[in-house]
Amino acid sequence: MTLRIYDSATRTVRDFAPLREGEASIYLCGLTVQSEPHVGHIRSGVNFDVLQRWLRELGYRVTFIRNTTDIDDKILAKAADQGRPWYNLAYDMAGELARAYDLLNVARPTYEPNATGHIPEMVELIELLIDRGHAYAAADGSGDVYFDVRSWPAYGELSGQRIDDMEAAADADPRGKRDPRDFALWKGWKEATEPRTASWPSPWGRGRPGWHIECSAMAGKYLGESFDIHGGGLDLRFPHHENEQAQSRAAGHGFATYWMHNAWITTAGEKMSKSLGNSLLVPEVLKRVRAIELRFYMVSAHYRSHVEFSFEALDEAAAGFRRIENFLERAAEALPESFSVGTSSGDGFLAAFSAAMNDDLSTPAAVAAIHDAVREGNKQLAEGQTEELAVTYAGVHEMLRILGLSPADPAFATGGADQALSGAVDALVGRLLEQRAQARAAKDFAAADAIRDQLNAAGIAIEDTPSGAKWSIDGGGR
RNA sequence: GGUGGGUUGGCCGAGAGGCGAGGCAACGGACUGCAAAUCCGUGUACACGGGUUCAAAUCCCGUACCCACCUCCA
C-alpha cells in the first residue's frame with residue numbers, strides 16, 4: 001500500500017512518488033518569530049511532525065527543513081515598540097517556539113535555517129532572476145527589487161487565480177512597481193526609520209530580503225532545485241507559496257512536487273490571530289491539560305479540517321486519551337516482566353492504522369484504530385488472555401509512538417520535582433488507603449467511604465483492583 | 001469582484017453512492033459492600049429545496065448561513 005497525499009496545487013489526492021528512491025524531502029514554512037506561539041501555530045508543527053514520522057516509519061530517509069523567519073516588517077515594528085533590538089525579539093520568540101515544540105514532542109527537523117543566515121543565497125537567486133528577465137530593480141532609487149509577475153505566465157497556478165481577477169490591494173504602495181501585483185524580492189534600507197543592523201549589502205545597495213525569497217533560497221540550498229513536499233498553513237498558499245513557486249520556477253528550478261496545507265484552529269469561528277486578540281498561547285492551554293493531551297487533541301482531527309477550539313472539546317479529548325493511558329498502565333502490570341514491546345507484527349489494528357495513515361494522514365481513523373485496540377485489550381485484560389494482551393499492548397504502544405503520543409516518550413516525562421511530589425503523595429495516600437482497607441475488612445463501610453470521599457474531594461480518585469486500591473490524580477476536576 | 005473550504009446525532013469528530021468510524025456525555029445491564037475502572041447494550045445524525053439512481057450524508061442544480069485567501073498571518 002502506498003502513501004497517498006492531498007496535493008493542494010492540483011487539489012487531488014495523489015500517490016506519493018519521491019524524486020529519489022527511498023528518500024523524502026520536505027520543506028515546511030515555519031514561523032515569523034514576532035510573538036509567542038499560539039496553539040494554531042503549533043498545530044502546523046504537530047501536523048507536519050506526524051507526516052515526517054510517518055514517512056520515516058514507511059522507511060524513507062527524510063530530510064526535513066523548517067525555516068524560521070527572523071527578519072520582517074512586524075519584527076522590526078514590534079521590537080521598536082518594545083524598545084529593544086529586533087534580533088533580540090526574534091531570538092527570544094524563536095526560543096519560546098522551540099520550547100513549545102519540545103513540550104508537544106515535535107521532533108527537531110533535519111535543520112532549521114534562519115532567513116538572516118542566508119542573505120548571500122538570496123542575493124544570488126535575485127541576480128539570477130534579474131538575468132533571466134523575471135525581476136527588476138525599482139526605477140525610483142529605493143533600492144527595492146521586484147519580481148515581474150507579468151513575465152511569468154504561470155503566475156497564479158498554485159492558488160488557482162488569474163492575475164487580472166485579483167483584487168488590487170487598496171493599501172498597497174505601488175512604489176516603483178511595474179504592476180501592483182509585483183512583489184518585493186529585496187527591500188532597500190530605509191535609513192530614517194529602520195536600524196542599520198537590519199540591512200545587508202547587496203548589488204542594489206543596503207537592504208533586507210523580501211518575505212518569499214528566503215524560502216526559495218533555503219529550500220534550494222538544503223533540498224536542491226527540486227524536492228518532494230512543501231508544507232505550511234493554509235493562509236500561506238497565497239501569496240507566500242505562490243510567490244515562492246513563481247520565483248523558484250522562474251529561476252529554472254523544479255521546486256516542490258506536492259503541496260500540503262494545514263487548516264486552522266479557530267476560536268469563536270474565527271481564525272486565531274494576534275491582531276484579533278483571540279490567540280491561545282501554548283503555556284495558557286497547558287495549564288488546563290497536559291502537553292500529551294493537547295497533542296492528542298490536535299492529532300485527533302484531520303490536518304485539513306478546521307478545528308474550532310474549545311476547552312470543552314479539549315477536556316473531552318484529554319478524557320479519551322486517559323482511557324488509552326489507563327489501558328497501557330493496567331496492561332503493563334498484568335504482563336510478565338520478561339515481556340518486551342515489539343512483537344506486534346500481524347496485529348490487525350496496526351493494519352487499520354497503517355491504511356488510515358496512508359490515506360492522506362487520516363489521523364482520526366488512526367486514532368479510532370487505537371481506541372478499537374484499547375477496547376479489545378481491556379477485554380483481554382479482563383479475561384486474562386495474556387498472550388493476546390501482549391500483542392494488543394505492543395500494538396497500542398506502537399501506534400502511539402508513531403503519532404508521537406507515547407507516554408513513555410522523554411518529551412512527556414514528568415520532571416524530578418513532580419516525581420518527588422508524587423512520592424510524597426503516595427506515602428500519605430497509602431496510609432489513608434490502609435485505614436480504608438482495615439475499615440472495609442471490618443465491614444465499616446461508612447468509615448471506608450468517608451476516607452474515599454475525603455480523597456475525592458482532594459482531587460484523588462480511588463479504584464479498587466484485585467491487587468488492592470489504587471489512587472490517581474483525577475484530571476476531570478481541572 | 002475572483003478563488004477555495006465548510007454546515008453530520010446532546011457535544012467533538014470521521015466518512016464521500018449501498019453493511020450506523022471513533023471518542024466524550026447520557027441511560028440500562030454485568031462486576032462491586034457501594035463506588036471507580038472495565039465490558040456488554042441503547043442513538044436511526046448528515047443546513048434547506050429540487051433532481052439523478054434500484055439505492056444519496058455521499059453525485060447534479062439551486063438556496064441559506066459560516067469561514068479563509070486575494071502581496072509580507074500557521
Side-chain angles (χ1 to χ4, degrees), chain A residues 8 11 28-32 34 37-45 47-48 69 72-74 147 149 156 159-169 171-173 177 180-184 187 210-212 231-240 242-243 261-266 269-276 297 300-302 304-308 310 312-321 323-324 326-327 330 352 356 362-372 374-375 377-379 381-383 440 443 445-446 448-449 452-453 456 461-465 469-470 472 474:
Chain A
S8 39
R11 288 181 215 101
L28 172 65
C29 283
L31 300 191
T32 299
Q34 49 150 327
H38 60 237
V39 290
H41 294 134
I42 295 302
R43 180 189 190 184
S44 182
N47 286 159
F48 285 95
T69 300
D72 92 317
D73 291 352
K74 284 186 182 166
F147 183 85
V149 159
S159 53
Q161 304 194 86
R162 296 202 326 253
I163 294 178
D164 294 316
D165 286 339
M166 288 179 197
E167 195 171 69
D171 56 339
D173 175 7
K177 292 181 183 180
R181 289 127 190 130
D182 288 351
F183 55 89
K187 307 170 92 159
W211 180 30
H212 320 294
L234 204 50
D235 56 348
L236 296 181
R237 219 162 146 234
F238 192 91
H240 186 52
E242 185 73 60
N243 292 353
H261 295 276
N262 67 278
W264 305 123
I265 289 185
T266 56
E270 286 185 311
K271 176 181 164 184
M272 214 170 273
S273 143
K274 291 150 200 160
S275 50
L276 286 172
Y297 173 64
S300 297
H302 188 86
R304 282 194 286 123
S305 293
H306 290 218
V307 169
E308 168 65 17
S310 74
E312 290 71 25
L314 186 62
D315 288 342
E316 276 183 15
F321 189 73
R323 181 168 169 271
I324 296 170
N326 204 357
F327 162 71
R330 298 198 311 140
S362 190
T363 51
V367 167
I370 295 176
H371 284 301
D372 288 343
V374 166
R375 196 182 324 105
N378 275 325
K379 221 181 295 184
L381 198 50
E383 287 162 20
R440 289 182 72 204
K443 303 245 187 273
F445 297 121
D449 291 353
R452 186 171 64 198
D453 291 347
N456 282 350
I462 301 305
E463 264 179 65
D464 288 320
T465 75
K470 296 225 175 322
S472 60
D474 179 10

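Proteins come first, then strands; the chains are lettered A, B, ... in the order of their sequence lines, and each starts at number 1.
Across all strands shown, D372(A) has heavy atoms under 4.0 Å from sugar-phosphate atoms exclusively, and none from any base. Backbone-only engagement by K74(A) is indicated by non-hydrogen atom pairs under 4.0 Å involving sugar-phosphate atoms exclusively. At the heavy-atom level, H302(A) lies under 4.0 Å from the strands shown only through sugar-phosphate atoms. The residue G45(A) sits apart from the nucleic acid: no heavy atom pair falls under 4.0 Å. Residue A263(A) is in base contact, counting any heavy-atom pair closer than 4.0 Å across all strands shown.
G29(B) and C11(B) have their C1' atoms separated by 25 Å, with the value rounded to a whole Å. Taking atom P in both U7(B) and C60(B), one finds a spacing of 15 Å when rounded to whole Å. Taking the P atoms as reference points, A57(B) lies 11 Å from C48(B), given to the whole Å. A distance of about 22 Å separates the P atoms of A55(B) and A16(B), rounded to the whole Å. Nucleotides G6(B) and U63(B) place their C1' atoms 16 Å apart, quoted to the nearest Å. Nucleotides G10(B) and C69(B), compared at atom C1', are 34 Å apart to the nearest Å. To the nearest whole angstrom, the two C1' atoms, one in U52(B) and one in C61(B), are 10 Å apart. Of the C1' atoms belonging to U42(B) and C59(B), the separation is 34 Å, rounded to the nearest Å.
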Dump the intermediate steps for side chain to side chain donor-acceptor pair (under 3.5 Å) on Q34(A) and T32(A), then the final yes or no. CA-CA 6 Å; Q34(A) 49 150 327; T32(A) 299; 5.8 Å; no
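Remark: N243(A) engages Y155(A), H212(A) in a side-chain hydrogen bond (donor to acceptor under 3.5 Å, both in side chains) (not counting sequence neighbours). Partners of N47(A) according to the side chain to side chain contact (heavy atoms under 4.5 Å, CB included) rule, which considers only residues two or more places apart in sequence or in another chain, are R43(A), N262(A), Y303(A). R375(A) is linked by a side-chain hydrogen bond (donor to acceptor under 3.5 Å, both in side chains) to D372(A), counting only residues two or more places apart in sequence or in another chain. The side chain to side chain contact (heavy atoms under 4.5 Å, CB included) test applied to A356(A) returns S362(A), A365(A), A366(A), not counting sequence neighbours.
Distances from the side chain of E316(A) to the nucleotides C12(B), C73(B), U71(B) place C12(B) closest. Comparing A68(B), C12(B), C73(B) against the side chain of D72(A) picks out C73(B) as the nearest. Here the nucleotide nearest the side chain of H212(A), chosen from C69(B), U71(B), G13(B), is U71(B). In this structure, the nucleotide among G4(B), A74(B), C70(B) sitting nearest to the side chain of Q161(A) is C70(B). When distances are taken from the side chain of W211(A) to each of G4(B), C73(B), U71(B), the shortest belongs to C73(B). With distances taken from any side-chain atom of A301(A) to the nucleotides A14(B), A74(B), G2(B), the minimum falls on A14(B).
In this structure, the side chains of E308(A) and I265(A) stay at 4.5 Å or more apart for every pair of heavy atoms. In this structure the side chain of W264(A) never reaches within 4.5 angstrom of the side chain of V307(A), judged on heavy atoms.
Salt bridge present: R440(A) and D464(A) bring a charged side-chain N and a carboxylate O closer than 4.0 Å.
Distances shorter than 4.0 Å separate none of the side-chain N or O atoms of S300(A) from OP1 or OP2 on G22(B). Residue H371(A) has no polar side-chain atom (N or O) positioned under 4.0 Å from OP1 or OP2 of G22(B).
K177(A) places a side-chain N or O within donor-acceptor distance of the main-chain N or O of D182(A), the cut-off being under 3.5 Å. Distance alone, capped at 3.5 Å, places no donor-acceptor pair between the R330(A) side chain and the L381(A) backbone. A donor-acceptor pair under 3.5 Å links the side-chain atoms of E242(A) to the main chain of S159(A), judged by distance alone.
The strand RNA chain B forms stems, runs of 3 or more Watson-Crick or G-U wobble pairs with distances below 3.5 Å, at B:1-7 with B:64-70, B:10-12 with B:22-24, B:26-30 with B:38-42, B:47-51 with B:59-63.
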Its contact letters, B for base, S for sugar-phosphate only and - for none at protein heavy atoms under 4.0 Å, make nucleotides 33-39 of chain B read BBBBSSS
